[in-house]
2 protein chains.
Amino acid sequence: MNIGEVATQAGVPAKTIRYYESVGLIPAAARRGNGYRSYSQTDLHTLRFIHRARELGFSVAEIEDLLALWRNKRRKSQAVKAIALAKIAEIERKIAALETMKRTIRHLTAHCHGDARPDCPILDDLAGDGG
Amino acid sequence: MNIGEVATQAGVPAKTIRYYESVGLIPAAARRGNGYRSYSQTDLHTLRFIHRARELGFSVAEIEDLLALWRNKRRKSQAVKAIALAKIAEIERKIAALETMKRTIRHLTAHCHGDARPDCPILDDLAGDGG
DNA sequence: CCTTGACCTTCCAGTGACTGGAACCTTTAT
DNA sequence: ATAAAGGTTCCAGTCACTGGAAGGTCAAGG
């Protein structure tokens, strides 16, 4: 497969695949006589793995670890589970931070008329007049 | 005030204040004879406004709009409220995406032994074997 | 007078994970 | 012959800083 086809099949832009290669997340692809990159089913499988992990919020660095574990038939499942649980904790922290932001902004908007008048407690509060 | 003091008072690193100036978020500060930047109470007030808005997840571009509205005594409060409500919607989208990630990862971990054995449904699922 | 240290200045480079675009080559179809 | 669609490389930009180098300024202490 050329890069375009594997990109379509894996759901990852061709440009991004070249980027993954450049940063060493995937090994350098084999080349055809014309210099085009050539991908196998295994490469496609790996790219799909990466795509799914990225969707789930894993960083490229974390995916490197995950890929090493995936390829290592002797890995311990606890190593994988630890990464997943840490990611859940991180997601929960992010959600909590966003909930706090949301509550605060909602609170600000609650007292703003939202009409043609200039009076706006949102700006006053952002300025620190109210906290 | 020198940049260090206004930085402490506003809760924004000096480096970040110079950055804000360089990207035009704040006007170029007045300079003393020795070339040091000099800040007024108004500048401090603006920096605090920016700090608080950043904490609440507003981008620098959005803060530019908010600052323009803040300075404009004839603004309509609906313009401010619209930005705030759009931000709430954006935060809600982010939270929903994170919740989906969390549910999926939690689901993956639920079937992984997490022990010394290599068998790991997390990796199998990431690879697409199960979805 | 000299030094030390804290503060200030500028500018350049790096972060994460791409993405856009230029300039060019190859293949396929018309 | 030519055009379109694919491929190649490399450089620059995104966002909001942050780190660091190399140097100027200021107040206090010996």
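Proteins come first, then strands; the chains are lettered A, B, ... in the order of their sequence lines, and each starts at number 1. Side chains included, hydrogens not; waters and symmetry mates left out as well; all remaining heavy atoms used.
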Asker: Rounded to the Å, how far apart are B:Arg32 CZ and C:dT9 C1'?
Answerer: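 Checked: the CZ to C1' distance equals 14 Å.
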
Asker: For nucleotides 11-22 of chain C, just jot down a letter per nucleotide in 5' to 3' order: B, S or -, based on protein non-hydrogen atoms under 4.0 Å.
Answerer: ------BBBBB-

Asker: Of all the heavy-atom pairs spanning B:Asp43 and B:Ser38, show the shortest one and how long it is.
Answerer: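 Taking every non-hydrogen atom into account, OD2-O, 4.1 Å.
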
Asker: Can you pull out how bent the helix from C:dC1-D:dG30 to C:dT30-D:dA1 is, comparing the axes over its first five and last five pairs, to 10°?
Answerer: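 The end-segment axes of the helix from C:dC1-D:dG30 to C:dT30-D:dA1 are tilted 30° relative to each other.
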
Asker: Work out which heavy atom in B:Leu126 is nearest to a heavy atom in A:Arg52; give both atom names and the distance.
Answerer: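 Heavy atoms only, the tightest pair is O-CB, 3.7 Å.
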
Asker: Decide, yes or no, whether a salt bridge links B:Arg18 with B:Glu21 under the criterion of side-chain N to carboxylate O below 4.0 Å.
Answerer: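 Salt bridge flag = no for B:Glu21 with B:Arg18.
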
Asker: Which heavy atom of B:Ala84 sits nearest a heavy atom of A:Thr109, and at what distance?
Answerer: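 Reported closest heavy-atom pair: CB-CG2, 3.4 Å.
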
Asker: How would nucleotides 2-8 of chain D be written as a contact map, 5' to 3', with B for base contact, S for sugar-phosphate-only contact and - for no contact, using protein heavy atoms under 4.0 Å?
Answerer: ----BSB

Asker: Between B:Tyr36 and B:Ile26, is there shared hydrophobic-cluster membership here, with clusters defined by ILVMFWY side-chain heavy atoms closer than 4.5 Å?
Answerer: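 Not linked; separate clusters.
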
Asker: What are the two closest non-hydrogen atoms of A:Ile88 and B:Lys102, and how far apart are they?
Answerer: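 So the two residues come closest at CG2-CG, 4.0 Å.
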
Asker: Considering non-hydrogen atoms only, spot the tightest contact between B:Asp115 and A:Lys76 and give its length.
Answerer: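 Looks like O-CB, 3.6 Å.
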
Asker: Using modelled atom types and a 3.5 Å cut-off, is there a donor and acceptor pairing between side-chain atoms of A:Arg106 and backbone atoms of B:Leu85?
Answerer: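 Between the backbone of B:Leu85 and the side chain of A:Arg106 there is no qualifying donor-acceptor contact (under 3.5 Å).
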
Asker: Can you tell me how the ring of A:His45 sits relative to the ring of A:Trp70, calling it parallel under 30°, perpendicular over 60° and tilted otherwise?
Answerer: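 The arrangement is perpendicular - the two ring planes meet at more than 60°.
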
Asker: Give me the atom names and distance for the closest heavy-atom approach of B:Ile91 to A:Met101.
Answerer: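 Shortest heavy-atom contact: CD1-CB, 3.8 Å.
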
